[in-house]
Amino acid sequence: MHQQGASAYQQTAKVVESSRERESALLMKAAAGLQKIKDEWPDSYDSLKPALTFNRKLWTIFMASVTKDDSPLPHDVRQNIANLGMFIMNQTRDILLDVNPQPQQLDVLVRLNRQIAAGLRGM
């Protein structure tokens with residue numbers, strides 16, 4: 001019964017929430033996943049690549065949407081998001097290529113995701 005209620009709520013939430021709220025929630029999900037890996041290091045090492053891949057895919061979508069000609073965002077905002085996306089891609093690549101990654105390397109990715117999510121929520 002509880003599972004059905006939760007499922008119904010999730011379906012309703014998907015319909016009601018705005019794209020900004022959805023983007024914010026996805027950024028927070030990515031940040032939480034990366035933070036969990038950092039908090040549980042080194043036991044969480046096997047989860048590092050999937051979490052980084054999720055974050056990278058998310059930012060790839062953001063970058064693709066802001067670089068489209070029909071993006072409703074102002075040019076300077078679009079440029080800032082694209083620049084942040086490139087920074088995140090580079091950080092992610094560096095972590096993935098590092099033969100001995102350290103948990104504190106995730107800090108900047110977690111912080112950026114949380115800050116952008118807060119901005120999308122208008123905080």
Side-chain angles (χ1 to χ4, degrees):
M1 181 70 149
H2 178 273
Q3 185 66 21
Q4 289 174 328
S7 179
Y9 175 79
Q10 288 175 339
Q11 293 301 319
T12 303
K14 286 180 185 177
V15 172
V16 174
E17 72 183 354
S18 72
S19 60
R20 287 177 67 129
E21 291 168 332
R22 183 72 178 147
E23 291 166 353
S24 176
L26 288 167
L27 283 165
M28 289 304 293
K29 177 181 177 179
L34 294 168
Q35 184 66 53
K36 183 176 186 211
I37 290 166
K38 182 181 180 232
D39 292 345
E40 296 175 0
W41 197 271
D43 296 333
S44 59
Y45 183 77
D46 290 342
S47 301
L48 180 61
K49 186 175 180 182
L52 288 171
T53 299
F54 176 78
N55 194 57
R56 184 178 62 217
K57 285 179 182 179
L58 183 59
W59 276 93
T60 299
I61 292 167
F62 289 158
M63 290 169 45
S65 69
V66 299
T67 56
K68 289 182 180 178
D69 290 335
D70 63 348
S71 173
L73 297 173
H75 178 67
D76 60 329
V77 172
R78 294 168 56 187
Q79 187 63 51
N80 287 340
I81 293 171
N83 289 342
L84 277 173
M86 290 305 301
F87 175 80
I88 287 168
M89 296 299 161
N90 289 333
Q91 288 293 114
T92 301
R93 181 200 63 229
D94 291 348
I95 295 168
L96 288 170
L97 292 177
D98 194 333
V99 294
N100 188 26
Q102 298 301 307
Q104 63 270 21
Q105 288 174 285
L106 300 174
D107 286 343
V108 69
L109 299 176
V110 171
R111 191 169 44 252
L112 282 172
N113 280 3
R114 287 178 176 162
Q115 288 173 346
I116 299 298
L120 287 167
R121 287 190 315 267
M123 298 176 79

Show your reasoning for whether side chain to side chain contact (heavy atoms under 4.5 Å, CB included) applies to Val110 and Lys38. CA-CA 10 Å; Val110 171; Lys38 182 181 180 232; over 6 Å; no
Could you walk me through whether Leu34 and Leu52 pass side chain to side chain contact (heavy atoms under 4.5 Å, CB included), step by step? CA-CA 7 Å; Leu34 294 168; Leu52 288 171; 3.9 Å; yes
Go through the steps to decide whether Leu27 and Trp59 satisfy the test side chain to side chain contact (heavy atoms under 4.5 Å, CB included), and finish with yes or no. CA-CA 9 Å; Leu27 283 165; Trp59 276 93; 3.7 Å; yes
Please lay out, stage by stage, how Leu84 and Asn80 fare under the test side chain to side chain contact (heavy atoms under 4.5 Å, CB included). CA-CA 6 Å; Leu84 277 173; Asn80 287 340; 5.6 Å; no
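Note on Met28 and Ile81: separate hydrophobic clusters, where clusters join Ile, Leu, Val, Met, Phe, Trp and Tyr whose side-chain heavy atoms are under 4.5 Å apart, directly or indirectly.
The closest donor-acceptor contact from the side chain of Ser44 to the backbone of Ser47 lies at 3.5 Å or more, if one exists at all. Under a 3.5 Å cut-off, the side chain of Gln115 and the backbone N or O of Leu112 do not form any donor-acceptor pair. Distance alone, capped at 3.5 Å, is enough to place a donor-acceptor pair between the Asn90 side chain and the Met86 backbone.
Between the CG atom in Leu106 and the CG atom in Asn113 there is a gap of 11.0 Å [rounded to 0.5 Å]. Rounding to the nearest 0.5 Å gives a distance of 4.0 Å between CG of Leu58 and CZ of Phe62.
In this structure, Gln91 and Val108 approach most closely via the heavy-atom pair NE2-CG1, 3.4 Å. Nearest heavy atom pair, residue Leu96 against residue Lys49, reads CD2-CG, 4.0 Å.
For the residue pair Thr92/Arg56, the side-chain donor-acceptor check at 3.5 Å is not satisfied.
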